[in-house]
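We number each residue from 1, following the sequence as shown. Basis for what follows: all heavy atoms, side chains included, without hydrogens, waters or symmetry-related copies. Both counts, for ligands and for their atoms, begin at 1 and track the order of listing.
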Amino acid sequence: MATTEVTISPEDIQKSSAPERVPEPCIVVIFGASGDLTKRKLLPALYHLEQDGLLPENFAVVGVARRPLNDEFTQDMREGILKGGGVDPGDSRLRNFLARVHYHAMNFDDAEGYLKLKNLLETLDRKYGTNGGRLFYLATAPEYFAEIVEQLGAHGMARSDRAAVRVIIEKPFGHDLESARRLNDQVNKVFAEEQVFRIDHYLGKETVQNILVFRFANGIFEPIWNRNFVDHVQITASESIGIEGRGPFYEKAGALRDVVQNHVMELLSFVAMEPPVAFHAAPIRTEKVKVWRAIQPIQMEDTVRGQYGAGTVDGKPVVGYRNEERVNPESSTETFAALRFHIENWRWAGVPFYVRAGKRMAQRETEISIQFKQPPMLLFKDSIAAGKCNEIQPNIISMRIQPNEGISLRFAAKVPGPTMQSCPVKMDFNYATAFGVSSANGYERLLLDAMLGDATLFAHRDGVEATWSLITPMLEAWASTPPKDFPNYAAGSRGPRSADALLARDGRQWR
Ligand code: BG6
């Protein structure tokens, strides 16, 4: 099927104001169900939806993987749900929910296995009244995505004239532009684009969705959200964890593919996009794609890569990347990336967007900060208070995506006393204080939206290809010039020095 540009119809605009709907009956079929994601995120999320009364009554889950499991699978899912917290182990709802969780063992390239799966789903349709509704979830290793999609098509499971059939595809969606295009073609040969939900779990995070609410549900920020007032933007996605035993995956991925091409680019698009005409899939995706397409090709001097050596994280000694399990001892894979983007459009021309993402950094922190220009004249510069207030600091809006979720605004205030001394202070909004802590892991919202057929918080093929178009030349340039200085930052540090130099040469510094 040919690629379709994202277009906005009057129905799209109407749908955005439609009241909440309840999903139609369906079976969620998870491929790769023996993996960590199903136990840690997907089943706990489905159960949270059940607890909140948001699942359809006619509902079931089928886990599909190669290992023969059955009862063991249900036990494992129970453990995962309980570990997620906020669940009473004796709750009859949990028992009833788990009774609707099934398992099917098969190899993903085995035609016979798909026939049996089809029969199983039809039997479950009769048992639970799910009426042919399907939400397939591809949580396998990415090399199986195309095969599974093709087999679903070949076995007549990709369409139904009775109910909606949809497919969620996990990341990574391709490993460069060409492979992403190929996968898009393979998927769109079987499923129409409206059936496809490419997931990025960052879009399920409340704080990420809140970027849009902050910008577009308030009147006071949008007028200053542009090149006339903003000096630059910083996006930091640092993690204190390492690669968590995922050596073979990470060796092929690296920080650019693993988090920049998807999570970080999504954050950037939410910060930079124009107001969409409605909160619905097509208008939102259109605005996001416009941002990515306006980003200038990145020059090598605007990129920094790093790899962690041994160090100390949270007071404990940890090994360097090259000593992690199943990692090449001479690996050139980057565990840190910092980039300077230029968005050449009316709103952002001349405002650099600095982004950085890294593993084994000093702390876990995902934050976006919008740094504003200094006032035109520094009236109080000779009377800055001493100590921690000893420099004039620009206004900054910082959005803490995680942890300690919230938003703060830094501004100057007069220090009490007989002189006109100023000091930066913060106005702070904290999610937990304002709304209480939520047990949602982000997948609740996305699973529910996919069941409802709402693709607003999912990636469209145009978007995936636009971000890969930006990242692929960088990957190629890095691959052709192996790094000479790896490892170049200690685990538990703030990343390589060269990342500081990237901003320092513009007279700026990371927050
Ligand atoms: C995943 C990456 O997509 O996102 C991981 O593969 C990373 O390497 C994770 O750790 C970060 O997600 P979160 O929600 O913990 O910020």
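Using cut-offs of 30° and 60° for the angle between ring planes, the Phe136 and Phe31 rings count as tilted. Ring geometry for Phe372 against Trp225 counts as perpendicular: the plane angle is over 60°, on a 0 to 90° scale with 30° as the lower cut.
Close approach of ligand 1 to Asp258 (heavy-atom distance below 4.0 Å) involves ligand atoms 2 (C), 5 (C), 6 (O), 8 (O). Heavy-atom proximity to Lys171, at under 4.0 Å, picks out these atoms of ligand 1: 1 (C), 2 (C), 3 (O), 6 (O). Listed by number with element, the atoms of ligand 1 under 4.0 angstrom from any heavy atom of Lys359 are 5 (C), 7 (C), 8 (O), 10 (O).
Between atom 5 (C) of ligand 1 and the options His263, Arg246, Glu244, Gln402, the minimum heavy-atom separation is to Arg246.
Ranking the protein heavy atoms by distance from atom 7 (C) of ligand 1 puts Glu239 OE1, 3.4 Å first. The closest protein non-hydrogen atom to atom 12 (O) of ligand 1 is His201 NE2, 3.1 Å. Protein heavy atom nearest atom 14 (O) of ligand 1, with residue, atom name and distance: Lys205 NZ, 2.6 Å.
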Legend entry - Worked verdict on Arg494 versus Tyr489 for side chain to side chain donor-acceptor pair (under 3.5 Å): CA-CA 8 Å; Arg494 285 166 36 91; Tyr489 70 99; over 6 Å; no
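Remark: the backbone N or O of Met451 is paired with a side-chain donor or acceptor of Arg166 at under 3.5 angstrom.
Arg511 and Glu367 are joined by a salt bridge, as a carboxylate oxygen and a charged side-chain nitrogen come within less than 4.0 angstrom of each other. Using a 4.0 Å cut-off between a side-chain N of Lys or Arg and a carboxylate O of Asp or Glu, Asp506 and Arg340 qualify as a salt bridge.
Within the 4.0 Å heavy-atom criterion, neither part of Tyr250 lies near ligand 1.
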